[in-house]
Number of protein chains: 2
Amino acid sequence: MKTATRPYHHGHLRQALIDMAVTVAEETGKDLISVREVARRLGVSSGAPFRHFPDRASLMTAVAEEATLRLRIHVEGALRKAPAAPLERLKTLGHAFIRWALQHPTQFRLVSSRRLFDFDSSPSLQLHFSSVRDTTLALVDQAVRQGTLPAGCVNELALALRALAYGLARMQVDGQLPQWQVPMAQAEQHLCRALDRIVDGLAQPPERTPVARISASRPRP
Amino acid sequence: MKTATRPYHHGHLRQALIDMAVTVAEETGKDLISVREVARRLGVSSGAPFRHFPDRASLMTAVAEEATLRLRIHVEGALRKAPAAPLERLKTLGHAFIRWALQHPTQFRLVSSRRLFDFDSSPSLQLHFSSVRDTTLALVDQAVRQGTLPAGCVNELALALRALAYGLARMQVDGQLPQWQVPMAQAEQHLCRALDRIVDGLAQPPERTPVARISASRPRP
DNA sequence: ACCTGAACACCGTTCAAGT
DNA sequence: ACCTGAACACCGTTCAAGT
């Protein structure tokens with residue numbers, strides 16, 4: 001039930017615009033939402049949004065801020081239930097990243113592309129992004145230190161693993177998976193298995209036989 | 001110098017539209033070009049393009065066809081000068097893929113996103129895409145067969161390696177690399193090194209010390 | 001302080017009319 | 001057969017005017 005003939009006129013329009021922008025984005029699947037449509041759906045005039053955001057890019061920045069926070073929370077939630085082994089945690093992080101991307105494809109595309117809003121202008125965006133990145137870096141560092149991942153530049157390896165998860169998620173979000181014989185229905189499992197395949201392939205000790213117990217004490221010359 | 005007062009009026013407008021669309025796209029960096037601007041730059045009326053393409057998406061499909069062919073030619077050219085070892089060829093393929101993406105970011109984004117045009121409607125698009133994919137699959141298959149890559153589903157491993165190259169390229173194209181401490185100037189080298197890091201990490205025989213000589217003699221039942 | 005609604009300069013697309 | 005240019009229904013953004 002709306003409040004009579006003058007429903008809006010005031011209220012917390014700013015937040016309503018952000019929420020409706022997300023709704024419209026995920027509904028239409030388009031990267032560029034129409035601020036006029038967002039205004040129309042909220043029952044306000046076409047000029048109203050510009051009292052809260054200087055332009056569409058600023059609105060998209062606000063949307064990206066919230067989406068990045070949700071991605072961070074999703075990933076952190078998954079890690080809370082994960083085992084302690086760094087490699088297992090890395091896989092869990094990757095799975096959570098992929099899962100969130102597939103469930104919120106338009107938001108995922110938005111937060112991934114620095115070209116649709118102004119990343120540098122938003123401290124909260126930078127904070128939430130860095131948090132996930134730092135978690136990745138820390139896990140890779142632990143794995144390298146304990147010898148379960150091959151030695152070398154941590155930054156470089158973390159970048160590669162992030163790119164792997166990002167690439168897998170984006171191939172689905174961009175609609176490429178049909179050309180790789182991956183049925184849409186089990187896309188998530190397929191992508192997570194592909195990720196595990198690489199991580200397990202990189203893992204140092206086969207831990208098949210408890211004989212060797214390699215490195216862990218043999219960092220680098 | 002333009003040809004007097006009636007420069008156009010006829011000609012091979014269809015091809016001119018495709019070429020100008022590429023120019024405008026790479027110039028503006030926007031995913032969605034304006035067909036009005038393309039027409040304007042060619043000196044034709046705003047309705048002229050629609051005599052050759054039913055809508056903008058069809059024009060973008062034509063652009064994507066040519067871009068995909070160029071990507072294919074670039075990759076095949078690189079492989080022609082590459083060594084014979086499957087793993088080396090896989091790395092070369094990845095490097096060429098990344099290099100082309102960084103040199104033609106807007107075309108790369110276009111061909112990567114099945115959402116900006118109609119992939120299924122274009123046989124040539126499918127042909128050129130499949131060619132690069134099949135080359136990847138064949139190389140992974142060879143490497144697995146000769147034991148330099150770990151055994152398992154070839155399709156899955158090839159998908160993962162393609163996702164790795166795709167993710168690395170896209171992180172740069174989407175503007176994420178500054179947040180990963182990668183200086184723009186040496187982006188390409190950094191990305192190629194990250195790729196090599198994973199491929200080398202997956203390679204089966206460490207061939208460092210002849211001591212262990214793990215598996216490599218345990219192909220498949 | 002916030003919102004409206006007309007206005008401006010753009011779009012993609014259509015289509016009668018021209019050559 | 002190909003192109004023009006007006007027309008239509010949209011945009012993002014601005015801004016005087018309203019509450």
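Below, chain A is the first sequence line, B the second, and so on; all start at residue 1.
A:Q172 contributes no side-chain N or O that, together with a main-chain N or O of A:A187, makes up a donor-acceptor pair within less than 3.5 Å.
Distances shown here put a side-chain N or O of B:S34 below 4.0 Å from the OP1 or OP2 atom of C:dG12. Close to C:dC3, at under 4.0 Å from its OP1 or OP2, lies a side-chain N or O of A:H52.
Checking D:dG18 for Watson-Crick or G-U wobble geometry (two distances, each under 3.5 Å) identifies C:dC2 as its partner. Across all strands shown, D:dC8 is found opposite C:dG12 as a Watson-Crick or G-U wobble partner, with both distances under 3.5 Å.
In the set D:dT14, C:dT4, D:dC2, D:dC2 carries the atom at the smallest distance from any side-chain atom of B:R51. Nearest nucleotide to the B:S46 side chain, out of D:dT13, C:dT13, C:dT4: C:dT13.
One can place CG of A:L59 at 10 Å from P of D:dT13, the figure rounded to the nearest angstrom. For the pair A:H12 NE2 and C:dC3 P, the interatomic distance rounds to 11 Å; values are reported in whole Å. Per the geometry, CG belonging to B:L32 stands 14 Å off P belonging to D:dC11, to the nearest Å. Look at CG on A:L42: it is 11 Å from P on C:dC3, rounded to the nearest Å. The interatomic distance linking A:L13 (CG) with C:dC2 (P) rounds to 10 Å, in whole Å. Rounded to an integer number of Å, the gap from CZ of B:R14 to P of D:dC2 is 12 Å. Across the protein-nucleic acid pair, A:F50 atom CZ and C:dG5 atom P stand 16 Å apart, rounded to whole Å.
Judged by atom type and distance alone, A:R36 reaches the base of D:dT13 through a side-chain donor-acceptor pair under 3.5 Å. A donor and an acceptor atom never sit less than 3.5 Å apart when one is taken from the side chain of A:R56 and the other from the base of D:dG12.
The distance from atom CZ of B:R162 to atom CG of B:L157, rounded to the nearest 0.5 Å, is 14.0 Å. Summarising the geometry, atom NZ belonging to A:K30 is positioned 9.0 Å from atom CG belonging to B:L116; distances are rounded to the nearest 0.5 Å.
When each of B:E37 and B:P54 is assigned the nucleotide of DNA chain C bearing its nearest heavy atom, the one mapping closer to the 5' terminus is B:E37.
Across all strands, B:R40 comes closer than 4.0 Å only to sugar-phosphate atoms, never to a base (heavy-atom distances). Counting any heavy atom pair closer than 4.0 Å across all strands shown, A:I33 reaches sugar-phosphate atoms only and no base atom.
A salt bridge does not link B:R114 to B:D120: none of the charged nitrogens lies less than 4.0 Å from a carboxylate oxygen.
Results of the side-chain contact (heavy atoms from CB on, under 4.5 Å) test with A:E66 over A:L125, A:V22, A:D19 single out A:D19 as the only residue that passes.
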